Trainee: 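The structure is given below, and queries will be raised subsequently.
Quick note: residue numbers are just sequence positions, from 1. First listed ligand is number 1; within each ligand, the first listed atom is number 1. All values reported here derive from a predicted model rather than from experimental measurement. Atoms considered below: every heavy atom in the structure, side chains included; atoms not considered: hydrogens, waters and symmetry mates.
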Amino acid sequence: MSRIRPADRHSIREAAAILAEGGVVAFPTETVYGLGAVVTLDRAIARVFAVKGRPARNPLIAHVAEVAAARPIVQFDERAERLAAAFWPGPLTLVLPLKVGSIVSPLVTAGLPTLAVRLPAHPVARELLGTLGLPVAAPSANRSGRPSPTQAQHVLADLGDAIDLVLDGGACPLGVESTVIDLSEPGRAVLLRPGGVPRRAVEEVIGPLAERRLEEPVRSPGLLGRHYAPSKPLRLEAREVAPDEALLAFGPVVPKGARRTLNLSPKGDLAEAAAHLFAMLRELDRDDVRAIAVMPIPSTGLGEAINDRLRRAALPPEPAAS
Ligand code: TXA
Ligand code: MG
């Protein structure tokens, strides 16, 4: 078994030492648990891809302890400065031009001329990054395609022995991943992934966000296809439920008759629903149900990120796994 340690000053220092020597460590952020490796160490980064079963063409986010640590590796423009000032530390990732001569391993960016950066708000993540003093690439600490881990036990269940340490900082308060904004093209800001910072809040700072152009070469390979998925099929927008289904409910009025029911938020609160989403999907994914029915969830605020994850979890498995 991997070692799991409650996150405290000692275990965080140990985690920083393991990372510095080329290890891989899972740690809590305010969104989901990340699986970290130092951005300059090719072999450690390669291990992150291998452990997750992640396609090498899907780039990683570099996590930094302070804005100053991002400046040597990416080019900030005025929009990036404004967004960083407004939302960092916090659940916002910026895709920016990679600086020429940057020390970041090309495995992190999957060879792209851009790099995604974020400054997380979770105190354990911040202390770890600050102690280490180097940017850490960290995808979500799940097996590729599975629901993201919001508890240390989810990391162990998915990645077991394959990683060096799990820092247990309890449940992640936000529960959905960061919002990813692509600023790599001057004059155009693209929402690549809805997440913890609602679209409206970003638009209040830099104006309207563009949608991804479908004819464009894929800018964010991780945003396509089935993802976040339990092993049982999902049925969305469910207003009634069958006896052999599990029900992921939302709000005070819940149809009866499911084999088992969990409610994302009985009072209909989207922040509470986001915090419960991945843990409840994992919990309803049992052999005694045929499918998981999910009640409709409004798409306002954090609801956009929740519905994005649910839609992608409901896609049929790809014929050839990539
Ligand atoms: O909240 C989060 O962002 C979590 C925590 C651990 O920080 N991390 C996370 O990482 O969700 P991951 O690897 O599961 O998702 C990163 C997303 C992927 O969809 C990836 O394709 C995209 O960001 N991405 C990373 N670098 C990119 C780049 N240079 N250009 C476009 N998209 C990029
Ligand atoms: Mg992920």
Trainee: Determine the sole option in L35, N142, I163 for which the side-chain contact (heavy atoms from CB on, under 4.5 Å) test with V155 is passed.
Mentor: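 It is I163, the one option of L35, N142, I163 that forms the side-chain contact (heavy atoms from CB on, under 4.5 Å) with V155.
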Trainee: So if I apply the salt bridge (Lys or Arg N to Asp or Glu O under 4.0 Å) rule between E245 and each of K232, R235, R259, which one comes out positive?
Mentor: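 Considering K232, R235, R259, a salt bridge (Lys or Arg N to Asp or Glu O under 4.0 Å) with E245 is found only for R235.
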Trainee: Of all the atoms in ligand 1, which lie at a distance below 4.0 Å from a heavy atom belonging to T31?
Mentor: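 Those qualifying, in numeric order: 1 (O), 2 (C), 4 (C), 5 (C).
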Trainee: Only one of H63, H122, R118 clears side-chain hydrogen bond (donor to acceptor under 3.5 Å, both in side chains) with T29; which?
Mentor: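 Only match with T29 under side-chain hydrogen bond (donor to acceptor under 3.5 Å, both in side chains): R118.
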Trainee: Do we see a donor-acceptor contact under 3.5 Å between the side chains of E177 and S140?
Mentor: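 Result is no, nothing qualifies.
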Trainee: Is the positively charged end of R71 above the ring of F76, judged by distance under 6.0 angstrom from the centroid and angle within 45° of the axis?
Mentor: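 Yes, R71 lies over the aromatic ring of F76.
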Trainee: Using distance alone, determine whether Y33 and ligand 1 share an N or O pair under 3.5 Å.
Mentor: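 No; every N/O pair is 3.5 Å or more apart.
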Trainee: Only heavy atoms of G34, strictly under 4.0 Å: list the atoms of ligand 1 that pass.
Mentor: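 Atoms satisfying the 4.0 Å criterion: 6 (C).
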Trainee: Is T114 close to ligand 1, meaning an N/O of one under 3.5 Å from an N/O of the other?
Mentor: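 It does: an N or O of T114 is found under 3.5 Å from an N or O of ligand 1.
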Trainee: Is there a nitrogen or oxygen of T29 sitting under 3.5 Å from a nitrogen or oxygen of ligand 1?
Mentor: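 Such a contact does not occur with ligand 1.
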Trainee: For ligand 1, which atoms, with element, lie under 4.0 Å from some heavy atom of S178?
Mentor: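 Those of ligand 1 that fall under 4.0 Å from S178 are 1 (O), 2 (C), 3 (O).
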Trainee: Ignoring water, what protein N, O or S atoms are under 2.8 Å from the Mg ion (ligand 2)?
Mentor: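 Protein N/O/S atoms under 2.8 Å of the Mg ion (ligand 2): S140 OG.
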Trainee: Using the side chain to side chain contact (heavy atoms under 4.5 Å, CB included) criterion, which residues pair with A271? Sequence neighbours excluded.
Mentor: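 For A271, the residues satisfying side chain to side chain contact (heavy atoms under 4.5 Å, CB included) (neighbours in sequence not counted) are D269, L302.
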Trainee: Using a 4.0 Å heavy-atom cut-off, which part of L60 comes near ligand 1: side chain, backbone, both, or neither?
Mentor: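 Backbone only.
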Trainee: Side chain, backbone, both or neither: which part of R54 has a heavy atom under 4.0 Å from ligand 1?
Mentor: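 Just the side chain.
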Trainee: With a heavy-atom distance limit of 4.0 Å, tell me whether P139 approaches ligand 1 through its side chain, its backbone, both, or neither.
Mentor: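 Contact part for P139 vs ligand 1: both backbone and side chain.
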Trainee: Any nitrogen or oxygen of N58, main chain or side chain, under 3.5 Å from a nitrogen or oxygen of ligand 1?
Mentor: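 N58 vs ligand 1: N/O contact under 3.5 Å present.
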